[in-house]
Amino acid sequence: MELGRLLQELIQAARKAGITVRSESFDPSLSDGGKKWRGGLCVIRGKRVILVDERAPLVDRIATVAASLASVDLEHVFLPPIVRATIGAYQREAPERPVPNATVPLPPVRARLRRTDDDEP
């Protein structure tokens with residue numbers, strides 16, 4: 001799939017999830033000299049919006065939208081396999097091992113009264 005089409009599919013996926021994608025011309029001082037482009041998912045007046053720098057290269061715009069969608073539940077949205085794979089590439093990996101006792105509650109602890117020398121037996 002060509003990159004322009006992939007970006008359009010990602011934007012369409014965002015719309016299906018109820019997210020607006022806005023392409024704005026960002027202030028050039030916001031980027032790190034072209035090393036890292038800014039943008040991403042935010043909430044504006046209670047609505048989820050993905051902001052994309054329209055001056056960024058196409059691959060960086062794709063990365064911004066895909067990384068933003070990686071944090072959204074898209075199980076109910078049909079996506080072409082290449083689009084789902086692109087989003088999946090930006091998902092954070094789960095921890096390798098579970099946290100011990102994270103799902104099993106600890107048994108209750110009984111407090112013992114300490115006797116002092118002043119207490120009578």
Side-chain angles (χ1 to χ4, degrees):
M1 177 179 288
E2 68 180 54
L3 294 179
R5 174 79 177 163
L6 179 59
L7 179 61
Q8 292 305 316
E9 290 287 338
L10 287 166
I11 292 171
Q12 185 71 17
R15 287 186 183 136
K16 289 179 183 177
I19 302 170
T20 304
V21 178
R22 285 179 32 192
S23 189
E24 304 278 334
S25 181
F26 289 6
D27 184 351
S29 65
L30 291 177
S31 69
D32 297 334
K35 296 177 187 173
K36 183 175 181 181
W37 296 88
R38 303 293 183 196
L41 181 65
C42 62
V43 178
I44 300 175
R45 295 185 182 163
K47 296 184 180 183
R48 296 185 300 176
V49 178
I50 298 174
L51 295 174
V52 180
D53 187 354
E54 67 183 18
R55 294 185 198 177
L58 182 57
V59 293
D60 290 328
R61 287 182 277 158
I62 290 170
T64 300
V65 177
S68 299
L69 290 176
S71 64
V72 176
D73 179 24
L74 296 172
E75 291 299 319
H76 66 283
V77 178
F78 172 77
L79 300 173
I82 188 70
V83 174
R84 194 166 292 279
T86 303
I87 294 169
Y90 289 93
Q91 288 179 333
R92 295 194 173 145
E93 294 183 20
E96 292 180 12
R97 53 188 166 147
V99 177
N101 299 326
T103 58
V104 179
L106 295 173
V109 177
R110 291 188 177 187
R112 293 184 182 173
L113 292 176
R114 289 188 175 178
R115 294 189 184 255
T116 62
D117 293 336
D118 296 336
D119 292 338
E120 293 185 26

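Every value quoted in this text rests on a predicted model; they were computed, and no experiment measured them.
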Separation between CG (L6) and CD1 (I62), nearest 0.5 Å, reads 4.5 Å

Which heavy atom of C42 sits nearest a heavy atom of L51, and at what distance? SG-CD1, 3.9 Å

Just jot down the side chain to side chain donor-acceptor pair (under 3.5 Å) partners of Q8, sequence neighbours excluded, or say none. none

What is the distance from atom NZ of K16 to atom CG of L79, rounded to the nearest 0.5 Å? 6.5 Å

Of all the heavy-atom pairs spanning A66 and I87, show the shortest one and how long it is. O-CG2, 4.0 Å

Ignoring hydrogens, what is the shortest heavy-atom contact between I50 and A14? Give both atom names and the distance. CD1-CB, 4.3 Å

To the closest 0.5 Å, what do you measure between CD (Q91) and CZ (R84)? 9.0 Å

Please determine whether the number of non-hydrogen atoms from other residues, nucleotides or ligands lying under 6.0 Å from atom CD1 of I82 exceeds 12. no

Give me the one residue out of I11, V65, V72, V49 that meets side chain to side chain contact (heavy atoms under 4.5 Å, CB included) with I19. V72

Check: S25 main-chain N/O paired with R55 side-chain donor or acceptor under 3.5 Å: no

Minimal heavy-atom distance between S71 and L41, with the atoms involved, is OG-CD2, 3.7 Å

Tell me, do R22 and I44 make a side-chain contact under 4.5 Å, heavy atoms counted? yes

Could you report the tightest heavy-atom contact between L69 and L10, atom names first, then the distance? CD1-O, 3.5 Å

Contacts of type side chain to side chain donor-acceptor pair (under 3.5 Å), residue R48, not counting sequence neighbours: none

Closest heavy-atom contact between A67 and Y90? CA-CB, 3.7 Å

